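All remarks here apply to the structure that follows.
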Amino acid sequence: MSDTTANASKDISSVLVEERSFPPAAGFAAAARLKAEDLAELHRRAAADPIGYWAELARAELAWRKLFTQALDDSQAPNYRWFADGELNVSYNCLDVHLAEHGHRTAIVFEGEPGDVRRLTYRELHAEVCRFANALKARGIRRGDRVVIYMPLVPEAVVAMQACARIGAIHSVVFGGFSALSLKDRIEDAGARCVITADGGWRGGQVVELKAAADKALADGCPTVETVFVLRRVDGAGIQGAASRAATPMVAGRDVWWHDAVADQPAACEPEWVDAEHPLFLLYTSGSTGRPKGIQHSSAGYLLGAKLTTRWVFDLRHDDVFWCTADVGWITGHSYVAYGPLAAGATLVMYEGAPTFPDGGRFWQLCERHGVTVFYTAPTAIRALMKLGDAVPALHDLSKIRLLGSVGEPINPEAWMWYHRVIGGGRCPIVDTWWQTETGAIMIAPVPGVTTTKPGSCTQPLPGIFADIVDDEGASVTKPDAGGYLVIRRPWPSMLRTIWGDNERYLQTYWSKFQNRFYVAGDGAHRDADGCYWIMGRIDDVLNVAGHRLGTMEIESALVAHPRIAEAAVVGRPHEIKGEAVCAFVVCRGERPTGDAAAALTRELRDWVAEQLGAIAKPEDIRYADNLPKTRSGKIMRRLLRSVARGEAITQDISTLENPAIIDQLRG
Ligand code: PRX
């Protein structure tokens, strides 16, 4: 156990006092999909018969090829299995089920960063998915094969995911901002047979060279990869300054252009019927060790969670235009771009580029242009756009927006209020949704027509989710505002099934702390007198930078891989926009650099980390010391480093430090 975890419950004390509250407007409540009595009934049914409740929803919401006979198999707990003897296909449930009645309706409205717009109806999306599914099959990809997707946020990313689902291949999307090395690690861990990428994507006016990174990843290693599909994106029609097609070298026998691969494929593809528990995807996420873990999700349980929460939390109706700004490289882009909204038959917006390109009004311009009614983004984006002032959004007509959402990190009340007042015009409920890569779907969130919201609280668990806050002994913390570990007491269908290739780590990470009694989320939280949850952040060695999870150990491993670095410790410190920033303390081999030499090494190390892991992991600060502060047993005193990074007074006992003078060095 790390010293952070050991000290966690001491650290979890409630400091926030927020007294404003916002009941839903009468008009919103009257028209809402879920009314107060519906929600109460769902809670009642879930409490009375938690397993029967999910079984009933699974029967009603999913189209089964073969209906299951047993809802929950807990014989291997905590490796739970849901609806295990049922058969279905996820892509069929997202596309085919809508064709007869709603095939003409828009599934995806896409805008590229250069301004190119495309619309796909459900019928067109279905055809694209079938063609690409056939292309995958033509290259020998079958049920159970792993396919890594490394693409820009364009419709084809969703097509690729859905096509994998259609043929029973297991996709693993790697965010386009991750480096070639990170991509290689994930391809190798998953044992992927195929990689789907693009010549590039647009981000902040620049081309992100995805194919080049994929080539680098595949150059030495990844022996399992036989096929690389390459979407032509950056030299598309009318796009200025793009790399030419000739600039994308193709490896004979391995690489295939997407458009060539689908050219002769039929627009129909019989779905591969799979077991409910068949893995739909792996998604790598950071934990408290040096290696990211492949979170494995199921087919039926996952889809049920994604579909229900899309409807309950976002109140979606057929005339809504739903925009979740997340990239498909993250879980949010899986559940609320690629799967949930499609299963719910909604219209979704996808935008390829940066929120500030060409200026900070881009999000609001998109909302106006595409008539967005439900908008879901991350606090880091809200804070960055808030900083630009109220005049920027005021240039755009945001009157169609009726509901706002937030995800990924705690939203500070100031940003909540700005979002409410300036973007929501004071009329829109805000759903602050707490969940994780592991939970598959939203767990704790307001139901917008019912729940009274409070800035900074994700309010209450959804029906069927038995969340709790417990102390070090696992006893429920009942005193209002007292902190503890956030846990989930009962299994739920969209929960992760295991960590790919490492079930031991699954058991250890999520279950061992309280002897398998409940799922341990890794977050600290407290609950107020109204039963509302307030998430206080990670209590393990995981940082949350701009809504992205980064393991401190991963960044430390990257730093010590540099020839000049002997030792490194990484902690987080609060950051105005990103929520948390990466702060690294390093010990060099040889002399401790100062002045210009230190500045030069800092630049080099930041680039090094970007190359090893991806730009999002670049340390904001790097401080050099002759030693790192350690306990008698040799553990790095992270709490002390956190205080130093924050510029706080040191309250910890430092009498055991060998060389107290290093504190001054660490302060930088
Ligand atoms: O610490 C919590 C924070 O994000 C972590 C999960 O990160 P990830 O798996 O990358 O998924 C992010 C998108 C679902 C959680 O352990 N987190 C997520 N949502 C919230 C949050 N913290 C506070 N409030 C939220 N609404």
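Note that these values count all heavy atoms, side chains included, but never hydrogens, waters or copies made by symmetry. In listed order, ligands and their atoms are each counted from 1. If you're wondering where the values come from, they're calculated on a predicted model, not measured in any experiment.
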For this session: Report yes or no: is the cationic atom of Arg362 (NZ for Lys, CZ for Arg) closer than 6.0 Å to the six-membered ring centre of Tyr351, at no more than 45° off its axis?
Result: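 That pair does not qualify as a cation-pi contact.
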Exercise. Quick one: do the Ser298 and Arg497 side chains pair a donor with an acceptor below 3.5 Å?
Worked result: yes
Exercise. Side chains of Glu438 and Tyr506: do they bring a donor and an acceptor to under 3.5 Å?
Worked result: no
Problem set entry | Over 12 non-hydrogen atoms of neighbours within 6.0 angstrom of CD in Glu648 | yes
For this session: Return the protein residues near ligand 1 (heavy atom under 4.0 Å from any of its atoms), ordered by chain and residue number.
Result: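 The answer is Ile331, Thr332, Val407, Gly408, Glu409, Pro410, Asp432, Thr433, Trp434, Trp435, Gln436, Thr437, Asp523, Ile535, Arg538, Asn544, Arg549, counting any residue whose heavy atom sits under 4.0 Å from ligand 1.
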Seminar exercise, completed: Result for side chain to side chain donor-acceptor pair (under 3.5 Å) between Ser335 and one of Trp435, Trp330, Tyr302 points to Tyr302
For this session: Run through Tyr376, Phe363, Trp364 and flag the one making a ring-ring contact (aromatic ring centres under 6.0 Å, His included) with Trp323.
Result: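 Between Trp323 and the candidates, ring-ring contact (aromatic ring centres under 6.0 Å, His included) is satisfied uniquely by Phe363.
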